[in-house]
Amino acid sequence: MAKALVIGAGIGGIASALRLCKKGYEVTVVEANGYAGGKLHAIAQDGYRFDLGPSLFTMPHFVDELFELHDKTPANYFNYHRKNTICNYFWEDGHKFSASGSREAFIREASHSFAEPVEAIEKYLKRNRNKYELTATLFLEKSLHKVGTYLSKQTIKSILSISSLDIDSSLNTTNKTHFKNPKLVQLFNRYATYNGSSPYKTPGIMSMIPHLEMHYGTFFPEGGMHQISQSLYQLALDVGVDFKFNEPITSINVQNKKAIGATSSKTAYISDIVVTNMDVYPTYKKLLKNQPAPKKTLQQERSSSALIFYWGIDREFPNLDLHNILFSDDYTAEFDHIFNKRALHKDPTIYINITSKEHQKDAPKGHENWFVMLNAPGNYGQDWELLKQEARKNIIAKINSVLNTDIEKHITTEHVLDPVGIENATSSYRGALYGAASNNKFAAFLRHPNFSRRIKNLYFCGGSVHPGGGIPLCLLSAKIVGDLVPNIKKHV
Ligand code: FAD
């Protein structure tokens, strides 16, 4: 039987293992940590449960697809429900807006809240949908690095419609051409952070992201985000994928320009194909030291990272929902700090995620489990202890002012994760959440392909390669790998 070796049990690695297993490979996943899931991990502390990484779940059909691929009923492993409210937004001047998950209600309520014409919002959302429909197949679902991808009617249609994609203006400029109210512009600018980019740099095509939320919806997995990685891990075990934990791979072994396996801290594996789910930067720097590296790809600007405080809170906040944003009064300065100064702004935008709103058991009765996150620069050797202390003070002051409370006295337990912690836990270069940033229009083309151009039988999946970071895209990277690997020749 042909053997496949997958390096890393992040969501991309598990999904690739499932795809290869279905193709008939005998699959072994070798993981440096003692658990599966990578960034999709969780902790329990003092009676609270916290998802450590992702908090927003979109496009669940990409997860379901993996169960269906193996003829299993998704609901036997994994359940989720659609959210009626996308996010509660708060501004310092007291303005609040609860974004509905229904497109019609969103348009009506946003028009009222931000004094923008219904037609302007409708036109914007329609344009966003059009961007997605014109480009998704080309940019997200196929390898951008194979000639065949470009020889389709869909590609020609996208090229002919290029002016409607807003590739040459920033997301902020695009949003400003649609809306006068700076708060609504800020609300839509925020979607740049979904792939760790700046709205002042990322191209306007990124306005397709709100379309994904409004059209496909936002969801909450029963039991929390961690269930996404855990249910897929369980499926992989059930279909015969072998997992090795606490075993970092130290080199990918190459002979005659072909990957022939990999060596870990414990043993050497021989395989017909190798798929790496490790961040592409350390893959080249540590596992492929003697191989030429794609310089431009590795030099790409990294996405933002995060500073997260996980707080047990001894009371409930009825005006908060699962997802909440307390906006900075100076968004431009905030992104200037993150991407140019590599620092934290004193008035940051604060994201508060509370899974106990959906899953009561995540906190003791009458309490809430707060995941309080700031977008942060990557780890460039800053004094993170100092930055954390200052950020904690600024966050508390802002929460107190916007939510009219004294939050510090309600914090019963605390865990903190910074870019260094993210880098150490997952080998994500500079602690980037989403691999490379999409801060220019060529970013998609510079991302590493899902295969190696120089080394046969070597494939790449996960958030640092094509099509990019975030759970749905990592799952798509695995799908592309599944399509690229050779079928196993059956002996008769
Ligand atoms: P990773 O999760 O990075 O895992 C890679 C795995 O490879 C790790 O387990 C690592 O230990 C292992 N590994 C590395 N090197 C080796 C080696 N040498 N040998 C063996 N194993 C190795 N996405 C969303 O969709 N929604 C969100 O709301 C969201 N929010 C986020 C918030 C935070 C704080 C973070 C950190 C990320 C967030 N993301 C979000 C992004 C999302 O988590 C990632 O894009 C995705 O989980 C990355 O998966 P991956 O497959 O690339 O691998």
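Whatever order the structure lists ligands and atoms in, that order sets their numbers, starting from 1. The structure displayed is predicted, hence computed values, not measured ones.
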**Student:** Relative to ligand 1, is Ser55 under 4.0 angstrom through side chain, backbone, both or neither, heavy atoms considered?
**Tutor:** both
**Student:** Between Lys393 and Glu390, is there a salt bridge with N-O shorter than 4.0 Å?
**Tutor:** no
**Student:** Are the side chains of Tyr216 and His61 in touch, meaning some heavy atoms are under 4.5 Å apart?
**Tutor:** yes
**Student:** Below 4.0 Å, non-hydrogen atoms only: which portion of Tyr434 touches ligand 1? Side chain, backbone, both or neither.
**Tutor:** side chain
**Student:** Taking 4.0 Å as the limit for heavy-atom contacts, which would you say applies to Pro54 with ligand 1: side chain only, backbone only, both, or neither?
**Tutor:** both
**Student:** Between His70 (side chain) and Leu18 (backbone), is there a donor-acceptor pair under 3.5 Å?
**Tutor:** yes
**Student:** Which ligand 1 atoms, with their elements, are less than 4.0 angstrom from a heavy-atom of Asn33?
**Tutor:** 9 (O), 11 (O)
**Student:** Quick one about Asn369 and Thr355 (side-chain donor to acceptor, distance below 3.5 Å, no hydrogens or angles considered), yes or no?
**Tutor:** yes
**Student:** Show me which atoms of ligand 1 lie under 4.0 Å from any heavy atom of Gly8.
**Tutor:** 7 (O), 12 (C), 21 (N)
**Student:** Atom CD in Glu368, atom CD in Gln360: separation rounded to 0.5 Å?
**Tutor:** 10.5 Å
**Student:** Which of the atoms of ligand 1 are close to Gly470, meaning less than 4.0 Å from one of its heavy atoms?
**Tutor:** 23 (N), 24 (C), 25 (O), 45 (O)
**Student:** Check Arg302 with Glu423, please: is the shortest side-chain N to carboxylate O separation under 4.0 Å?
**Tutor:** no
**Student:** Hey, would you say the Tyr310 and Tyr48 ring centroids sit under 6.0 Å apart?
**Tutor:** no
**Student:** Show the atoms of ligand 1 that are less than 4.0 angstrom away from any heavy atom in Gly53.
**Tutor:** 31 (C), 32 (C), 33 (C), 34 (C)
**Student:** Under 4.0 Å from any heavy atom of Pro248, which atoms of ligand 1 are there?
**Tutor:** 19 (N)
**Student:** Under 4.0 Å from a heavy atom of Gly12: give me the atoms of ligand 1 that qualify, with their elements.
**Tutor:** 51 (O)
**Student:** As an exercise, identify every atom of ligand 1 less than 4.0 angstrom from a heavy atom of Val30.
**Tutor:** 20 (C), 21 (N)
**Student:** Within ligand 1, which atoms have a heavy atom of Leu56 less than 4.0 Å away?
**Tutor:** 24 (C), 25 (O), 26 (N), 27 (C), 28 (O)
**Student:** Do the charged groups of Glu301 and Arg430 touch, with an N to O distance under 4.0 Å?
**Tutor:** no
**Student:** For atom 49 (O) of ligand 1, which candidate among Thr250, Ile11, Ile7 provides the closest heavy atom?
**Tutor:** Ile11
**Student:** For Ser428, state whether at least one heavy atom is located under 4.0 Å from any atom of ligand 1.
**Tutor:** no
**Student:** Tell me which one of Leu40, Ile308, Leu473 gets a heavy atom nearest to atom 34 (C) of ligand 1.
**Tutor:** Ile308
**Student:** Give a yes or no on whether the backbone of Gly312 and the side-chain of Thr412 come within a donor-acceptor separation of less than 3.5 Å.
**Tutor:** yes
